[in-house]
Amino acid sequence: MATETTSSCTGSNLLQPISEIINLPLDQVNFVVCQLFALLTAFWFRLYLHPSKTSPFIRHVVATLLGFYLALFCFGWYALHFLVQSGLTYSIMMFAGLEHMHKLCFIVALGYLSFCQITRVYVFDYGMYSADFTGPMMVITQKITSLAFEIHDGLARKEEQLTPSQRCLAVRRMPSLLEYLSYNCNFMGILAGPTCSYNDYMAFIEGTAYQPRHLETNGKENGKYKHTEPSPKNDIISKLCTCAISLAIFLSVSKLCPVERSIDDKFIASTPFILQVLYLYLSMLATRPKYYFIWTLSDAINNAAGFGFNGYNKDGSPRWDLISNLRILDIEFATSFKMFLDNWNIQTALWLKRVCYERCPINPTAATFLLSAMWHGVYPGYYLTFLTGISMTMAARALRHNIRPYFLGSTTHRSIYDVITWAGTQIAICYTVVPFVLLAVGPSLKFYRSWYYCIHIACLVLVIALPVKPRHIRIKEEQQQQNSLQGGLTEDHNSHSITDNNCNQKHKAT
């Protein structure tokens, strides 16, 4: 009943009959219908408002107005929070001064998001799993903070102070209000993102997104693709097929294996521990297709509008993964905690790296996990998950640095290592994210007690027994190793990879 009431207040009731037929909350039905409408609109946007046919101003206006329409349809007047958050931070950008603007925008954007999350959770509907207006605000917060740091890098810092990634992403002029709103609230990403760099978005709007990616690694133009605008058709079809499969699996399997059964007293008492482990893996496996569906559909919408081109593969086929948010096979077959995180919610991992991990002077790993917990919301389960994630990351790093070298001697040993680490990674991920699903402290601690906190204890033992060199020493050694390798190879310039033009996919979170 609580979900129905919230849906009535925050979205259109036109789709209520469909919601009742398929037994899904109305706001979730609204969300899917709006995303399908955005997909059709994206094709129209690419064909009829192509940069060669209309001006960037018109493209900005249409993308923004359509975005607000979808937001109003899904969330009603709660969508005004998107404007308030964007308006407050744009005012800070314009009047606060470049020296501290990025810090103030970060505090205000994240603070306003947290305020909305607190009121939604503790005032309106605690524990609601369905779509809510703070979901889009999470992506808008990423965009606001990313842009604030990019403007600061481009206008307030010296060139030699920037890393190659920061230099590429730096914004060299203050955006207009229309450009700012279009970037934050365009129809392709207003409901589910993903986030993207401001420079990439402007290149898409202005029609220059393909030009820089027509270069070989030596900087020379590749005439074969110079005058050809790549088509996203094949990638869109592939992603829509992935969406259909993911949705079918989620609707048919997720209710058969609820995570909540893992804390049922009868289940714990009557089920052997090894079967509890297997059930936990299957229940978590059944929850992931929901995210696969949402993020892949969002990616397809952007591609349909012409956004997401990321150069060419070696065979000459275009890549449309510039703002992709996941790599499903790499997730399901991940052999390390880091590999899983690098391929799950990729754009959020990049955001965390760029605004926190690379800039935090003290314990960047812990700070990054804490920021991720604050960004996700105020449910206690989020904080339990990310605090556990800190210990998992440290233990996995220690294990990899100390144990992995012993398994690199032969193909057989490497295969054995991969199988063991795959199983360990999957169990560790499932164990870590249980509070993220259960949300509350009591059920989460009950689950950990049923496992005797065994993985927490194992992580603590590994961190103590297998120390890892401090990060700054490891980075220094890696740089020295790279310099020594490059010493005699300066003539073979093409053998080294250059910074990717979009400065995106090659900069993953550590």
Side-chain angles (χ1 to χ4, degrees), residues 31-32 35-36 39 135 139 188-189 191-196 232-254 256-257 259 278 280-304 307-311 313 317-353 372 376 385 389 392 396 418-419 421-434 436-437 504-509:
F31 171 84
V32 173
Q35 286 293 74
L36 294 177
L39 178 65
V139 179
M188 296 102 65
L191 297 183
T195 191
C196 61
K233 180 180 66 174
N234 292 337
D235 289 77
I236 293 171
I237 293 173
S238 173
K239 289 171 183 178
L240 291 180
C241 289
T242 300
C243 289
I245 295 171
S246 299
L247 184 61
I249 293 174
F250 174 73
L251 293 176
S252 60
V253 176
S254 62
L256 298 178
C257 301
V259 178
L278 180 60
L280 179 66
Y281 169 70
L282 293 176
S283 63
M284 288 299 177
L285 188 66
T287 63
R288 291 202 281 267
K290 174 177 66 174
Y291 298 97
Y292 296 165
F293 169 77
I294 293 171
W295 288 335
T296 305
L297 180 57
S298 299
D299 195 15
I301 291 169
N302 282 273
N303 292 167
F307 187 28
F309 177 65
N310 195 23
N313 296 306
S317 60
R319 290 171 53 197
W320 287 88
D321 60 353
L322 174 65
I323 55 174
S324 293
N325 229 352
L326 51 80
R327 303 182 188 97
I328 295 176
L329 292 180
D330 290 335
I331 290 170
E332 298 300 343
F333 294 101
T335 56
S336 71
F337 205 79
K338 180 181 183 299
M339 182 178 176
F340 188 100
L341 296 180
D342 281 350
N343 294 286
W344 173 269
N345 206 351
I346 295 170
Q347 303 307 319
T348 294
L350 287 169
W351 170 69
L352 290 168
K353 179 185 178 182
S372 183
H376 275 90
T385 285
M392 290 288 182
D418 287 343
V419 171
T421 53
W422 171 83
T425 297
Q426 297 301 321
I427 293 173
I429 289 291
C430 294
Y431 180 89
T432 301
V433 301
V434 165
F436 194 94
V437 177
N504 193 333
Q505 299 298 340
K506 291 187 179 180
H507 297 281
K508 300 176 185 175

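Worth saying up front: this structure is predicted, and the values here are computed from it rather than measured. In this chain, numbering begins with 1 at the start of the sequence shown.
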Qualifying residues under side-chain contact (heavy atoms from CB on, under 4.5 Å), relative to Thr335, sequence neighbours excluded
Met339, Asp418, Thr421, Trp422
Is any side-chain heavy atom of Trp295 closer than 4.5 Å to one of Pro194?
no
Please confirm whether the backbone N or O of Cys243 pairs with a side-chain atom of Thr296, one donor and one acceptor, at under 3.5 Å?
no
Is there a side-chain contact (heavy atoms from CB on, under 4.5 Å) between Trp320 and Asn234 once you walk through the steps?
CA-CA 10 Å; Trp320 287 88; Asn234 292 337; over 6 Å; no
Do Asp235 and Ile237 have side-chain heavy atoms sitting under 4.5 Å apart?
no
Please say whether more than 12 non-hydrogen atoms of neighbouring residues, nucleotides or ligands are located less than 6.0 Å from OH in Tyr281.
yes
Check side-chain hydrogen bond (donor to acceptor under 3.5 Å, both in side chains) between Ser254 and all other residues, then give those that pass, not counting sequence neighbours.
none
side-chain contact (heavy atoms from CB on, under 4.5 Å) partner of Thr385, chosen from Val434, Val437, Thr432
Thr432
For the side chain of Gln347 and the backbone of Cys196, is there at least one donor-acceptor N/O pair under 3.5 Å apart?
no
Within-4.5 Å side-chain heavy-atom neighbours: Phe340 and Asp330:
no
So do Tyr291 and Trp344 actually touch side chain to side chain, heavy atoms under 4.5 Å?
yes
Test log, rule side-chain contact (heavy atoms from CB on, under 4.5 Å), inputs Phe436 and His376:
CA-CA 10 Å; Phe436 194 94; His376 275 90; 3.5 Å; yes
Working to the nearest 0.5 Å, report the span between OG1 of Thr425 and CD of Glu332.
12.5 Å
Residues that Asn345 engages under side-chain hydrogen bond (donor to acceptor under 3.5 Å, both in side chains), provided they are two or more places apart:
Asn325, Thr348
Worked verdict on Ile328 versus Leu326 for side-chain contact (heavy atoms from CB on, under 4.5 Å):
CA-CA 6 Å; Ile328 295 176; Leu326 51 80; 3.3 Å; yes
Testing the basics here: between Gly311 and Phe309, what is the closest heavy-atom pair and its distance to 0.1 Å?
O-CE1, 3.2 Å
Please enumerate all residues that pass side-chain hydrogen bond (donor to acceptor under 3.5 Å, both in side chains) together with Ser298, with sequence neighbours excluded.
Gln35
Please assess Leu39 against Leu240 for the test side-chain contact (heavy atoms from CB on, under 4.5 Å), listing each intermediate value before the final yes or no.
CA-CA 10 Å; Leu39 178 65; Leu240 291 180; 3.8 Å; yes
For Trp351, all residues meeting ring-ring contact (aromatic ring centres under 6.0 Å, His included), sequence neighbours excluded
Trp375
Side-chain contact, heavy-atom cut-off 4.5 Å: Arg327 with Asp342?
no
Side-chain heavy atoms of Phe337 within contact of Ile429, under 4.5 Å:
yes
Run the side-chain hydrogen bond (donor to acceptor under 3.5 Å, both in side chains) test against Gln426 and tell me which residues pass, sequence neighbours left out.
none
For Phe293, ring-ring contact (aromatic ring centres under 6.0 Å, His included) partners two or more places apart
none
Go through the structure and list residues passing ring-ring contact (aromatic ring centres under 6.0 Å, His included) with Phe307, not counting sequence neighbours.
Phe204
Gap separating the CG atom of Leu341 from the CD1 atom of Ile346, nearest 0.5 angstrom
11.5 Å
Which side chain to side chain donor-acceptor pair (under 3.5 Å) pairs, counting each pair once, include a residue from residues 237-253, with sequence neighbours left out?
Lys239-Asp299, Lys239-Asn303
Apply side-chain contact (heavy atoms from CB on, under 4.5 Å) to Leu36 and list each qualifying residue two or more places apart in sequence or on a separate chain.
Val32
Of all residues at least two apart in sequence or in a different chain, which pass the side-chain contact (heavy atoms from CB on, under 4.5 Å) check with Val253?
Ile249, Ala286
For a quick test of reading the model, state the closest non-hydrogen atom pair linking Ile236 to Ala300 and the distance between them.
CG1-O, 4.1 Å
